[in-house]
Amino acid sequence: MQSEDCLTLNIWRRGKGKNLPVMVFIHGGGFSVGGSIESTYNGTNFAAKNDVVLVTINYRLNVFGFMNFASIDSAFADTGYLGIKDQIAALQWIKENISEFGGNPDNVTIFGQSAGSTSVMLLTITPAAKNLFQKAIPQSGHLGLYNTPEESAKVAQIFMEISGAKTIGELMKKSSAELINIYEKVSPGGLVEKPNEYLPTCDGKFLPKNPFKALKDGAARGIKLLTGNVADEWCFWLQFDENFFKTYRANNENFSPIISKYKLQTTEEIYRAWLENRRDTEENFADFATQIDWRVGQELAAEYQSKFDDVYCYLFTERVNDKFRACHDSDLPYVFNISDEFSPNQNLVRAIQAAWTNFAATGNPNNEFIPHWEKYSAKNRQTMELNSKNCVCQKDLNTQNLNSLRYVYEN
């Protein structure tokens with residue numbers, strides 16, 4: 001997040017193989033923090049066990065990559081999604097150069113987690129990214145996680161007011177350090193308090209104005225999908241706020257771009273209808289929050305894309321502990337087989353890495369470490385539950401929640 005001088009990538013592979021599948025990872029961090037340098041994304045262990053070329057990329061973040069200055073100066077109309085353009089530039093470089101590293105430029109899979117997952121989904125429907133990849137693995141992030149031009153313009157206006165600059169020209173005279181200082185004043189709580197401020201701006205010019213509609217209409221036709229969630233996404237935020245779900249309930253528009261865009265009912269009305277005859281408990285509200293913001297959106301995307309190409313769905317249920325459960329980010333140590341805090345269960349690592357790399361190679365995640373993984377469709381909603389005790393493919397694992405809450409996305 002320190003400057004615009006960040007457009008680099010890292011490449012790993014084992015041996016001297018040629019024409020290998022290429023896997024391109026896009027990191028998360030709410031489009032405002034993070035980078036491929038983080039130890040979580042170190043590809044050494046992944047590449048050592050799999051016959052693929054692994055690439056991790058960087059892209060501009062926060063004020064440098066996703067601050068929408070279009071309403072202040074029309075010459076800067078693309079500033080709300082410069083980071084997505086960076087990702088496309090990386091994919092173009094990979095297509096032109098990856099054969100020099102043993103990769104097949106015509107067999108590229110993009111995958112990412114959180115903001116990286118939303119990036120992956122946006123790339124599937126963005127015309128400028130066409131033919132740069134053939135398969136996608138979005139992990140915990142879907143097409144509902146974006147800002148409208150009006151939403152992102154508000155943040156840009158606050159930024160200009162705090163900066164003291166009257167024009168973009170004046171603003172550009174400031175150093176990177178000064179811009180970061182202003183950014184920290186605009187967003188002092190960062191992802192902890194307002195994780196939505198720097199989501200990509202979907203303006204209908206470069207990124208489709210309604211991403212879910214674009215997907216439903218076939219914008220990602222020809223792209224195979226392997227997608228899913230961890231079971232308890234929002235529990236990740238408990239490390240910052242012991243009473244997170246109470247905070248969320250009182251200020252949900254700060255956290256949920258899904259709820260903030262839906263104007264026909266209040267959050268409480270949506271929640272009460274979803275509860276039906278169940279009790280109003282913190283446990284149930286936590287489940288509701290994860291469903292409406294994460295799992296329903298991910299599965300709805302799977303349903304839409306299954307009309308046009310093969311789709312496989314998963315749910316990661318391996319718990320960190322009883323407090324954080326299977327929270328946001330908890331799947332990453334099993335994908336990359338690396339963690340600063342614990343030793344990932346190697347049986348689960350093998351199952352996930354084999355699924356991800358087989359999908360990258362062939363478009364099918366089935367492998368010797370898991371039971372048969374059936375394709376997902378609206379008529380046969382199959383989801384592979386991934387954990388160290390018993391991976392199992394189940395039908396209608398989340399169909400009740402999907403049917404109960406999909407109207408919030410579709411209206």
Side-chain angles (χ1 to χ4, degrees), residues 111 113 117-118 120-121 124-125 135-145 211-234 258 270 273-276 278 284 287-318 325-326 328 331 351-352 355-356 358-359 362-367 370-387 389-411:
F111 69 125
Q113 186 268 346
S117 177
T118 297
V120 165
M121 287 302 308
T124 68
I125 61 169
K135 296 177 284 291
I137 308 176
Q139 304 171 217
S140 300
H142 53 73
L143 289 172
L145 305 178
F212 264 112
K213 185 178 186 303
L215 185 72
K216 189 176 184 179
D217 291 344
R221 187 188 305 268
I223 297 173
K224 299 183 188 303
L225 205 64
L226 168 60
T227 188
N229 295 95
V230 298
D232 307 284
E233 298 276 9
W234 275 124
I258 309 307
I270 300 168
W274 173 83
L275 269 179
E276 293 184 333
R278 289 169 291 179
N284 280 335
D287 185 28
F288 164 77
T290 286
Q291 289 292 342
I292 197 166
D293 288 328
W294 302 97
R295 291 185 61 186
V296 168
Q298 211 83 23
E299 189 163 351
L300 194 61
E303 177 189 308
Y304 288 168
Q305 184 60 7
S306 69
K307 299 175 185 176
F308 304 101
D309 217 311
D310 293 347
V311 172
Y312 296 87
C313 274
Y314 71 86
L315 178 68
F316 181 89
T317 58
E318 185 80 358
R325 302 189 177 191
H328 199 65
D331 51 339
I352 289 177
W356 269 225
N358 280 9
F359 179 78
T362 68
N364 187 325
N366 278 289
N367 64 81
I370 58 173
H372 180 65
W373 194 333
E374 293 189 48
K375 295 175 188 176
Y376 181 98
S377 70
K379 293 182 179 179
N380 188 24
R381 300 185 187 278
Q382 295 284 346
T383 300
M384 179 65 74
E385 184 177 356
L386 297 169
N387 63 53
K389 295 179 181 177
N390 184 30
C391 294
V392 59
C393 202
Q394 302 181 55
K395 185 177 181 180
D396 293 325
L397 187 62
N398 202 46
T399 301
Q400 183 176 348
N401 288 306
L402 175 67
N403 290 339
S404 178
L405 292 170
R406 65 185 298 153
Y407 73 95
V408 178
Y409 283 82
E410 296 182 321
N411 294 324

So which heavy atom on [X] is nearest to which on [Y], and how close?
{"X": "Glu374", "Y": "Cys393", "result": "N-SG, 3.7 Å"}
{"X": "Ile125", "Y": "Ala214", "result": "CD1-CB, 4.2 Å"}
{"X": "Arg295", "Y": "Leu315", "result": "NH2-CD2, 3.5 Å"}
{"X": "Pro365", "Y": "Ile370", "result": "O-CD1, 4.0 Å"}
{"X": "Ser306", "Y": "Ser377", "result": "OG-CA, 3.7 Å"}
{"X": "Leu402", "Y": "Tyr376", "result": "CD2-OH, 4.1 Å"}

Using side chain to side chain contact (heavy atoms under 4.5 Å, CB included) as the criterion, list what pairs up with [X], not counting sequence neighbours.
{"X": "Ala273", "answer": "none"}
{"X": "Glu410", "answer": "Lys216, Leu300, Tyr304, Arg406"}
{"X": "Lys395", "answer": "Asn380, Gln382"}
{"X": "Arg278", "answer": "Trp274, Leu275, Asn284"}

| Gln291 side chain reached by Asn398 side chain, heavy atoms, under 4.5 Å | yes
Give a yes or no answer on whether the side chain of [X] reaches the backbone of [Y] with a donor-acceptor pair at less than 3.5 Å.
{"X": "Thr362", "Y": "Asn358", "value": "yes"}
{"X": "Gln305", "Y": "Ala220", "value": "yes"}
{"X": "Thr290", "Y": "Asp287", "value": "no"}

| Test log, rule side-chain contact (heavy atoms from CB on, under 4.5 Å), inputs Trp294 and Ile258 | CA-CA 9 Å; Trp294 302 97; Ile258 309 307; over 6 Å; no
Tell me, please, which residues at least two apart from [X] pass salt bridge (charged side-chain N to carboxylate O under 4.0 Å, His left out).
{"X": "Glu318", "result": "none"}
{"X": "Lys213", "result": "Asp217"}
{"X": "Lys375", "result": "Asp310"}

| request: Fit a plane to each ring of Tyr312 and Trp373, take the angle between them on a 0 to 90° scale, and name the class: parallel (under 30°), tilted (30 to 60°) or perpendicular (over 60°). | output: perpendicular
Partners meeting side chain to side chain donor-acceptor pair (under 3.5 Å) with [X] (sequence neighbours left out):
{"X": "Thr227", "result": "Gln298"}
{"X": "Glu385", "result": "Thr317, Asn387, Gln394"}
{"X": "Thr399", "result": "Asp396"}

| request: Give the intermediate values and the outcome of side-chain contact (heavy atoms from CB on, under 4.5 Å) for residues Ile270 and Leu405. | output: CA-CA 8 Å; Ile270 300 168; Leu405 292 170; 3.8 Å; yes
Solution key, residues 136-144 side-chain donor-acceptor pairs under 3.5 Å, sequence neighbours excluded:
| from | atom 1 | to | atom 2 | distance (Å) |
| --- | --- | --- | --- | --- |
| Gln139 | OE1 | Trp356 | NE1 | 2.9 |
| Gln139 | NE2 | Asp331 | OD2 | 3.1 |
| Ser140 | OG | Glu233 | OE1 | 3.4 |
| Ser140 | OG | Glu233 | OE2 | 2.6 |
| His142 | ND1 | Gly144 | N | 2.9 |
| His142 | NE2 | Asp293 | O | 2.7 |
| His142 | NE2 | Tyr409 | OH | 3.3 |

| What residues form a ring pair (Phe, Tyr, Trp, His ring centres under 6.0 Å) with Phe316, not counting sequence neighbours? | Tyr334
